[in-house]
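So the structure is just underneath, and the comments pick up after that.
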Amino acid sequence: MMLELIVNYISYAMLLLGSFLSLTFGLGLLRFPDFYSRMHAAGVADTLCAGLIIFGLMLQAGLTLISVKLFLILLFIWFTSPTSSFTLASTAYRCGYGTNDKGEQA
Amino acid sequence: MSTFLELYNYWIFIFLMMTGFYIVIAQGNLIKKVIGLNIFQTSVFLLYISMGKVANGTAPILIEGGAPYSNPLPHVLILTAIVVGVSTTAVAMALIVRIQEAYGTIEEQDIHEQDASL
Amino acid sequence: MEQLINVILLAMLAIVAIATAKLKDLFATIILFGIYSLLTAAIFVSLDAVDVAFTEAAVGAGISTILILSTIALTARTEKPSTHSVFLPLLVVIVTGVTLVYGTLDMPGFADPDAPVQQHVAPRYLNDSINEVGMPNVVTSVLASYRSYDTMGEVVVIFTAGISVMLLLSSVKHREDELGNLKDLKHHPILLYVSQIMIPLILLFALYVQFHGDFGPGGGFQAGVIFAAAFILYGMINGIDNTRKIFQNHILRWLAVTGVILYIGVGVVTLFLGGEFLNYNVLTEDNLAGQHYGIFLVELGVGIAVAATMLSLFLTFSEVRRSQ
Amino acid sequence: MILATTAIALLIAMMMTLIRAILGPSIFDRVLAVNAFGTKIVLFLGVIGFLTERPDFLDIALLYALINFITTLAILRFFESGVLISHEDKEAE
Amino acid sequence: MISSHLPVLQVVVPLLAAPLCVLLKRPAVLWAFSLIVSILSAVMAYLLLQQTADGNIISYAMGGWAAPWGIEYRVDTLNAYVLLIVASISSLVLLGGRKSIEKEIETARLSHFYTAYLLCFAGLLGITITGDAFNVFVFLEISSIASYALISLGRDRRALTAAYQYLIMGTIGATFILIGIGMMYMVTGTLNMHDLAQRLPEVSNSRTLMTSFAFLFVGVSLKLALFPLHLWLPNAYTYAPSIVSAFLAGTATKVAVYVLMRFIFTVYGIEYAFTALPLSAILMLLAIAAIMLASMSAVYEDNIKRLFAYSSVAQLGYMVLGISFLSVAGLTSSLLHLFNHALMKAALFMALACVMYQQGNVLMGNIKGLGKRMPWTFGAIVIGGLSLVGVPLTVGFISKWYLILAAIEAGHMLLVAIVLVGSLIALVYVWKLVEQGYFQEGDEKITKQEAPMSLLLGTWFLVLANIYFGIDTSLTVGVAESTAQQLLGVSP
């Protein structure tokens, strides 16, 4: 009984932290001055928030098929999100976006 | 006011329909028109799905103690309509590629001018 | 709570629609359109239409977006400012809108369980389909059995689109120009590596969706799109030419035809067994088993036809070179 | 309650990314926004599944993640070719 | 087995044949295969007409699910009559069209062309036969998407823009129809037409229902090319490949007229459509505008295909005018014109296909002396044109005659005058053709140069049908009259 309660509280904490972070990073995406710093905000949010929220949900679900699916989703996000962030950044950089000719940030 | 909130979904449907329809008939770019057409069609999907919703209902996949369920029939109809929508989009895009090849532009006005100058 | 979520989602949808109308950059428009589709799908989930959400996400945000993107890449990215008079279109739109508003005033309230829609026809599906068709997912029962004929029409529609696109684009010259064709993404080693892990997983997921449609959201159409998506991913990363080596035109054509014929064929077989067209009950002695066989086969037909057609649409569009 | 809060927080975060997608200014910002939006909506759907007590809808969330990845790549692929980069995109804001 | 499954086979046979066409290669085989399928359909439609001739209604439950839970095919005389029109026009057009198709379509595309053709054909049949409102939409889209592709195959690049324009307007129309069906479903909870007809009177004072009617009406009018929503039609018919023009002119708009009739008379019911709403006046006004303005546009047209396309818009006006009288005589004339106009336009466009085959265009300036160069072809154009004007001994006369009778019966002498003026304008543009063909000197060097035998044969088949049904009216008038009585609920 006790254990269940603790697990529940941990799950709630993770969910709340996740939502708080998603809001802050959302703000970052909105307010940061240039593309590369915005990308930083979005990238961190994607991996960290997703991890927190999905782990939170997994704790709620317990050891079931649902948790397996959640884990798959998380795995998927962890694989694809950094990949696309990286590809996006490198493409933007290669296209010369937001940098001067020497490759330094303008 | 209660009616306003009760029919909120339908107001949004009307708004989206008007926006989509406006893009289709007022914009001159052929691709933009098709995007408008898609918004127009999606709004109708929203109409159908909204009418199938039941208060406190759940998705029509039977589970123990799941009732009430929302109406499955609009879902089936809209599945078909979505397929029709993507088919139309595909054909429209193919036509646009050909028009670009033949005219060198996808702006309605330029095309009219080229046709008129013949 | 549900109401609040619904209201926020719908408001976002409206914002995206306006932004789509206003932006002149077609690329930005199509990106917003992708968001628009995802949002619509989320609204469908909150309105309990999970199967529809599944399809809308796969088709609207996936296939449609990719096709429109390919077309933008082949034509022009920005739209010219329109010199049309906006008066007449605005008038037409407003008249249509007012008509609709007039019509909604009498509509049964949203989510009203006593609305006529919930009273007639639909209750039978919800109450009896488990005994008559034997599947927990009522949407699949209605789709593949009660209104199976509509679904056959749906498969034919997508087949028609495939044929039409081939008719239109088969003559386009596939010439190269100085801008080059759309490259593969092989030079991104991370991408290449990740995709090698992802693609088999996606294919597995497609199979799951194909055969799990009786119990959860999904079915032939969604599975077909996911299947195609896996190979679209492959094509984008490893190059179109490499994908074409696996899926040559005639193979895809055969597959699409097989899918459609499989669907209609089930109907013809039921005719020969003495039932009505697509009456699966006659397939075996046990009605429920018959329904299961029938639905399995037609869903398979849908899956094959859709996967083949979608993939062939993608490949056909990708092979067209930008002409100057 | 906690779940509901999470859902609302995610919705607000979605709203923020949406504004970024609309404002741009460059196409890369928009792609970034659409990608972030996709992740948020996946999480949102997961939470909604729990909120409505139908967590078997996670399949949809999985599909979203997949589609989101593919669309982002599709957009990027067109950048790679360089065909679609307009002059403005190369300039800093 | 065959006879009891006739309704579904009517659609499934071409639907099954279409994908098989993709796998065929040889042009001759493709053509023969499509022709056989088409003829088979026509035979089935004829059998259905026979089965329903005595007012008998055939109901066929798809998948064994009784209506309204499943999809029902419901065949009465009206369905069967329109089915027969579509299937026989398709057969006749294909019969003579092989040479023209092979000349205008590249060989590599032929198998896809025939597939699209059969899909379009099956779609039209599906719209006509079904008894389910949503099923109409599905088959409408099958036929529409196929026809966009078919139209775009024209040699002129304007075919592409015409197809695009048709696609946009057609999709708007189809979506309007979808909205209409949705609202109808919303107030009744059913999609089956028969069931709808029984449930709609209960909710007849609902604004939602009225809106649904407005949207359905506008949506179908777009497909029907009812004036002023006809803008897509002239371009589409002008730039499409000749055979496609002939096929679509003979079938597509006719099916749209059928859908309009079906929704007005069977689903909403006369009571609702004509008493609660001022439909009669609206239809009459639109019809008059179509007859006068479209005919006038035809007079000034330089491209003969476009000339006949405008004349099609005008002729559709006659059909709608017949509906607006809401009398047996009026409906009979509409139904007669449905058949007769299909024959005329198919014949005329087939004749134009002959001209196209020989000289590559159909501009007014280029048909000088055509009467000498291609006497048979030009003869066909003249007879078809006379039929369009409504000269006795042609089918055109029969339908105009009934239309005038209906107008007199309804006491609208002004409308009689309008029909006559419309015919006079038709005479003007047909005379323009005759003048160019017979009385202008063409290029001396080119001697007689007739179109290939098969094309001529197909054309003259249709022309002779124009004359035959103009003389022996027992079949058409009989069927049209009993159908009209059925629709209006008047016992014969």
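Side-chain atoms are counted along with the backbone in the values below, which use heavy atoms only and exclude waters and symmetry mates. Reminder, nothing fancy here: chain letters follow the sequence lines and each chain counts from 1.
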Relative to chain A, which segment of D:L66 carries a heavy atom at a distance below 4.5 Å: side chain, backbone, both, or neither? both

From D:F50 CZ over to A:S11 OG, what is the distance, rounded to the nearest 0.5 angstrom? 9.0 Å

For A:L29 and D:R20, which heavy atoms make the closest approach, and how far apart are they? O-NE, 2.9 Å

Sort out for me which of D:L73, D:V42, D:L43 touches chain A most, counting heavy-atom pairs under 4.5 Å. D:L43

So how far is it from A:L16 CG to D:I2 CD1, rounded to the nearest 0.5 Å? 4.5 Å

Can you name the nearest heavy-atom pair linking A:G26 to D:M16, along with the distance? C-SD, 3.3 Å

Interatomic spacing from OG1 in D:T17 to CZ in A:F25 - rounded to 0.5 Å: 14.0 Å

Less than 4.5 Å to any heavy atom of chain D: does that hold for the side chain of A:T83, its backbone, both, or neither? side chain

Examine whether an atom of A:A41 lies under 4.5 Å from a heavy atom of chain D, and if so say whether it belongs to the side chain, the backbone or both; otherwise answer neither. neither

Under 4.5 Å from any heavy atom of chain D, what part of A:I53 do you find: side chain, backbone, both or neither? side chain

Counting heavy-atom pairs under 4.5 angstrom with chain D, the leader among A:I54, A:L65, A:I66 is A:I66

Using a cut-off of under 4.5 Å on heavy-atom pairs, state which of A:L70, A:T64, A:L15, A:L57 scores highest against chain D. A:L57

Rounded to the nearest 0.5 Å, what separation is found between the CD atom of A:Q60 and the CG atom of D:L3? 5.0 Å

Could you grab the distance from atom OG of A:S67 to atom CG of D:L58, nearest 0.5 Å is fine? 9.5 Å

How about residues 71-78 of chain A versus chain D: which residues have heavy atoms under 4.5 Å apart? A:L72, A:I73, A:F76, A:I77

So, the part of D:T72 with a heavy atom under 4.5 Å from chain A: the answer is side chain

What closest approach, in Å, do D:A13 and A:S22 show between heavy atoms, and which atom pair accounts for it? CB-O, 3.7 Å

Measure the OG1-CD1 distance between A:T87 and D:I75 for me, rounded to the nearest 0.5 Å. 12.5 Å

Taking every heavy atom of A:S84 against every heavy atom of D:N35, the minimum-distance pair comes out as OG-ND2, 3.2 Å

Using a 4.5 Å cut-off on heavy atoms from C-beta on, say whether the side chain of D:L32 contacts that of A:R38. yes

